[in-house]
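Here the structure is laid out as structure tokens; the discussion comes afterwards.
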Amino acid sequence: MKPEDFAQLPLPPKALENLAQMGYTAMTPIQQQSLPVILQGRDIIAQAQTGSGKTAAFGIGLLEKINPRFFGVQGLILCPTRELATQVATELRKLARYLDNIKIVSICGGQPIGPQIGSLEHGAHIVIGTPGRLRDHLRKQTLNLESLHTLILDEADRMLDMGFEDDIRFIIGATPEKRQTLLFSATYPDTIEAMSAAYQFDPLRVSVESQHDDSTIEQAYITYKNQDKTETLAALLQHFAPEAAIIFCNTKQTCSDMVAALRNYGLKSLALHGDLEQRDRDQVLIRFSNGSCRYLFATDVAARGLDIDSVDLVINADLPADPAVYTHRIGRTGRAGRQGMAISLCSDRETYRLKRIEELQTQAIKALKPLASPSPDKVPEPAKMTTLCIAGGRKDKLRPGDILGALTASGELTGDAIGKINVTDFSAYVAIERAVSPRALELLKQGKIKGRSFKVRRL
Ligand code: AMP
């Protein structure tokens, strides 16, 4: 028997037959690594993206433990969005076809609560949903998690990005301490590690691809004459058209100068440096990580401890003096199995620095051919999203679900046009697709959020 055969697993013949009928002939790598352990009842923390087969990994494990004759919630799956919850529910229903009468209920925000209460009353074995709405049901006591044995956090990093941390804590607080907890996340920022430490027992770490594999980062450099530095940078951004790029400078003065200089080429960017007030720093980071700004200039000090997802391109506008700093900078791209690129600008007088850096790398840093001058006809598209800032936050008891609700209540906007929602103590930020952002701004200004009016502006 091959290691990827499902028949390796202690599953009943009916379950195996159903998998074969679904066309699942072999386990995917994440399934091979995690299913034997999940079936033993152990906690896992897994790095896995959509497309890896992660849903079946936790789904098969969960279904094996469900007792169909007991009508209480035995398994709970937390997802960041309604779209993902719906996908997970669809896959789980297919996987459960070999079992009789397993009730799988999906409970998400932005939908009427009445019918949800009805479905929960009828008894559900498995609940899949978004954290804000699940918390509402717990508060109303229309959801009881006292008999739960398996808790799954899907796309945990995204849930934290969307500001669901408090809701997740509340929900976990309502589950029995003795339970199996499976945590899936595309990235492992410190916040995820902390969550695992708080809520998991001796979890096994499962990772399909290593996160900092050198080979996923293509490294290159381009030489320029001193007076042409910003022009070279603008040409690079135009040529490679990255969705998101971090551009490192050695000083905060260069960061600010570059933001101004790029504007002349029609490129909008933001700068992150040590002099920013906390609130401005938050706003810059939020706008960059929610897709409202494509280019972020940063100094090494300001970028320390930055918690942002992988970017497509890292540019060294200045070469760092210390080769270790170079390695650290380029580690911001090519994460989580994605392909990344790092390009260094190197003046004709800096080639010695580049040599020293290259000695520390396991692969060569390629020379790029000279690029055409930036042209006003080929200005890259502006960022996809725009950020709206609401003058109310955690201290006003605002939650992401409330903002999502206010935006989608009239039915004019759908969840797809809405991106990340960040709620800080006194403000909340929501990313909206640029094209519909004027309408979203009107909806928020005219309507109410949680029954109250808030000042809203575009950043
Ligand atoms: P996911 O990563 O859970 O979003 O799954 C990605 C896709 O792969 C889904 O369409 C699944 O139906 C499918 N899939 C999951 N496991 C297998 C498998 N072992 N063989 C073939 N397809 C699979």
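Scope of the values below: all heavy atoms of this structure, side chains included, with no hydrogens, waters or symmetry mates. Just so you know, ligand 1 is whichever comes first in the structure, and atom 1 is the first atom listed for that ligand.
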Heavy-atom protein contact below 4.0 Å for atom 14 (N) of ligand 1: yes

Atom 3 (O) of ligand 1 - nearest protein heavy atom and its distance: Thr55 OG1, 2.4 Å

Proximal ligand 1 atoms for Phe6, defined as those under 4.0 Å from one of its heavy atoms: 19 (N)

Tyr98 and Glu17 side chains, donor-acceptor separation under 3.5 Å: no

Contact check: Met27 vs ligand 1, nitrogen or oxygen atoms, below 3.5 angstrom: no

Per-residue contact class, Glu91 against ligand 1 - non-hydrogen pairs under 4.0 Å: side chain

salt_bridge(Lys445, Glu442) N-O dist < 4.0 Å: no

For atom 6 (C) of ligand 1, the protein heavy atom that lies nearest, with its residue and separation: Gly51 CA, 3.6 Å

Point-to-point distance, once rounded to the nearest 0.5 Å, from CZ of Arg158 to CG of Leu153: 15.0 Å

Arg205/Glu193 salt bridge by N-O under 4.0 Å criterion: yes

Ligand 1 atoms in contact with Gln31 (distance to a heavy atom under 4.0 Å): 15 (C), 16 (N), 17 (C), 18 (C), 19 (N)

Close-contact set for ligand 1 against Ser52 heavy atoms, below 4.0 Å: 2 (O)

Test item: side-chain donor near acceptor, Ser289 and Asp161, under 3.5 Å: no

Top protein contact for atom 11 (C) of ligand 1, by heavy-atom distance: Tyr24 OH, 3.1 Å

Axial cation check for Phe164 ring with Arg135, 6.0 Å and 45° limits: no

Criterion side-chain hydrogen bond (donor to acceptor under 3.5 Å, both in side chains) on Gln21 and Arg97, from CA distance to verdict: CA-CA 10 Å; Gln21 271 172 17; Arg97 278 192 302 220; 5.3 Å; no

Side chain, backbone, both or neither: Ala26 near ligand 1, heavy atoms under 4.0 Å: backbone

